[in-house]
Amino acid sequence: MTTTEKITDKEAVLTSVDPATGATLATYPIADDEAVRAAVAKARAAAPAWEQLGFDERRKALLRWSSKLVAKSDEFCELIHAENGKPLDDAFLELMLALEHIAWAAKHAKKVLAPQKVPSGPMMSNFSARIEYRPLGVIGVIGPWNYPVYTPNGSIAYALAAGNTVVFKPSEYSTGIGNFLAEAFAEANPQLPEGVFRTVNGYGATGAALVKAGVDKVAFTGSPGTGRKIMAAAADTLTPVLLECGGKDPVIVAADADVSAAADAVAWGATSNSGQTCAGVERVYVDKSVRDEFVTELTRILTDVKPGSDKNAHYGPMTMPSQIAIVKRHIEDALARGGKAVLGGVESVKERFIEPVVLVDVDEDSAAVKEETFGPTVTVTTVNSIDEAIELANNTTYGLASAVYSKSRGVEIARRLKVGATSVNSVLGFAAIPGLPFGGSADSGIGRIHGEPGLREFVRPHSIAVQRFAIPGMALLSYRRTQANMKMLRKMVPLLHGRHK
Ligand code: NAD
């Protein structure tokens, strides 16, 4: 980083605002390179003690953290509502999902990461062999704002359960929420060194400083563009990265679908959280035989769905003001290329809120179909067959998640989608099941959070081969090897590997 790029040269404080009103909520000092390095050093110093606690004590510490979050849930949900914009009930649901993941990681780490004995093989039968899993050390977690509790926790809780310490850079749009999480951990665990889980606050430059601060892995959630920058920066030190990036998730509605259930799920999956969901519904491919029924039902449901920040609102404001122009551009492009808005239109995009928009027969090359919209809009395309639906669904640079509505062929269709997760006869079901890994490929990122793979992301396998006894006259890994050894090997190898026709 050059001196001119230093965060401290740009802005000394970060101001957190209510996206519904623009009112200031709080200000936070911005962590510059030095502050980030100091936070990583504290986390590094705390790492041995946290690792040595072992799985059982770490489980207790993580569950105490959960209970603290439950005890403070009213205050926390008010903060999530104020800083992020989502309705209070949605804030509570998000917290509940995060707690499910903390509990799963805390309770399963010991079993998933237990040492494993492996067979040593006929040539090495005098050895015992085992794999042990060691924590990586300090994990730098960089989070987004759309699910500011649930999403970064997919890395934080799993990294902690595996025995790592964590430095977390929350999104600049959810700094208060990120700090609340870390403070609750410290309050629940005053006996622990303060570096086990801490935050560094700031904009992208603070995240960039974290990538360069000597962490042992970077776990990032955010846009593919930032993911690329992080991977490039991490390449300098060969720091491994876990990248959870965007999506353009399709839903396939087959001829034998429960159309009303599909419309209900798509209405919610496309517009809840103002459509700001990485695995939310952005595109629908519906069989021509049920198309009219589906579109009628979808628009009927969404006609009554309203954004706002009052108690009756279904979803809140756009959290990030710059996203509003992107959503508008996508709607305009879809209409300019021959698509039709059957609900809403460009006029649905207000100053802070966007009303639901349903676009039909949109050109497959338009921005609304190709790029992540991240707003409460959905495109609906009519298809003649399941094959066509699958081909169009897979015709994207993303590969995050998807859903299929079909009474008889759901799993068969799911298996043909190039994604990391599919819900059959539901949307987003996989995200609420902690044992299921979550993540994507291509523009959607690298690696997995959640489940067993989510724990394994934060450990290094350590192979241990122990020679239990020496085989007399068989010194293969030594200059004492004899021609008699080689003669026997030449007999054994064809028996072991040369018999297959
Ligand atoms: P973003 O990429 O703008 O920012 C994400 C984080 O990266 C923020 O904390 C930001 O400060 C930080 N950052 C920015 N520049 C950086 C840099 N050069 N180096 C290091 N850190 C940097 O993304 P966003 O707008 O906060 O989040 C929305 C995106 O996140 C969408 O694309 C969405 O699909 C994706 N997302 C993905 C998942 C998932 O699990 N796959 C979950 C939620 C959101």
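Both counts, for ligands and for their atoms, begin at 1 and track the order of listing.
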- [ ] Assess whether salt bridge (Lys or Arg N to Asp or Glu O under 4.0 Å) is satisfied between D333 and K328, documenting all intermediate values.
- [x] CA-CA 9 Å; D333 186 54; K328 192 165 177 212; over 6 Å; no
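At least one donor-acceptor pair closer than 3.5 Å links the side chain of N189 to the backbone N or O of F185. In terms of modelled atom types and a separation under 3.5 Å, the side chain of Q276 and the main chain of N146 share no donor-acceptor contact.
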List ligand 1's nitrogen or oxygen atoms that come under 3.5 Å of a protein nitrogen or oxygen, with the partner atom and distance.
from, atom 1, to, atom 2, distance (Å)
ligand 1, 2 (O), S223, N, 2.9
ligand 1, 2 (O), S223, OG, 2.6
ligand 1, 2 (O), T226, OG1, 2.7
ligand 1, 9 (O), G143, O, 2.7
ligand 1, 9 (O), K169, NZ, 3.0
ligand 1, 11 (O), K169, NZ, 2.7
ligand 1, 11 (O), E172, OE1, 2.6
ligand 1, 19 (N), A208, N, 3.4
ligand 1, 23 (O), S223, N, 3.3
ligand 1, 25 (O), W145, NE1, 2.8
ligand 1, 26 (O), W145, NE1, 3.1
ligand 1, 30 (O), G222, O, 3.3
ligand 1, 32 (O), E372, OE1, 2.7
ligand 1, 34 (O), E372, OE2, 2.5
ligand 1, 41 (N), C245, O, 2.8

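Cation-pi geometry between K86 and Y147 is met: the NZ or CZ atom falls under 6.0 Å from the ring centre, inside 45° of the normal. In this structure, R456 is positioned above the aromatic face of Y133, its NZ or CZ under 6.0 Å from the six-membered ring centre and within 45° of the axis.
With K212 as reference, D236 is the one residue of D236, D33, T237 to meet the side-chain hydrogen bond (donor to acceptor under 3.5 Å, both in side chains) rule.
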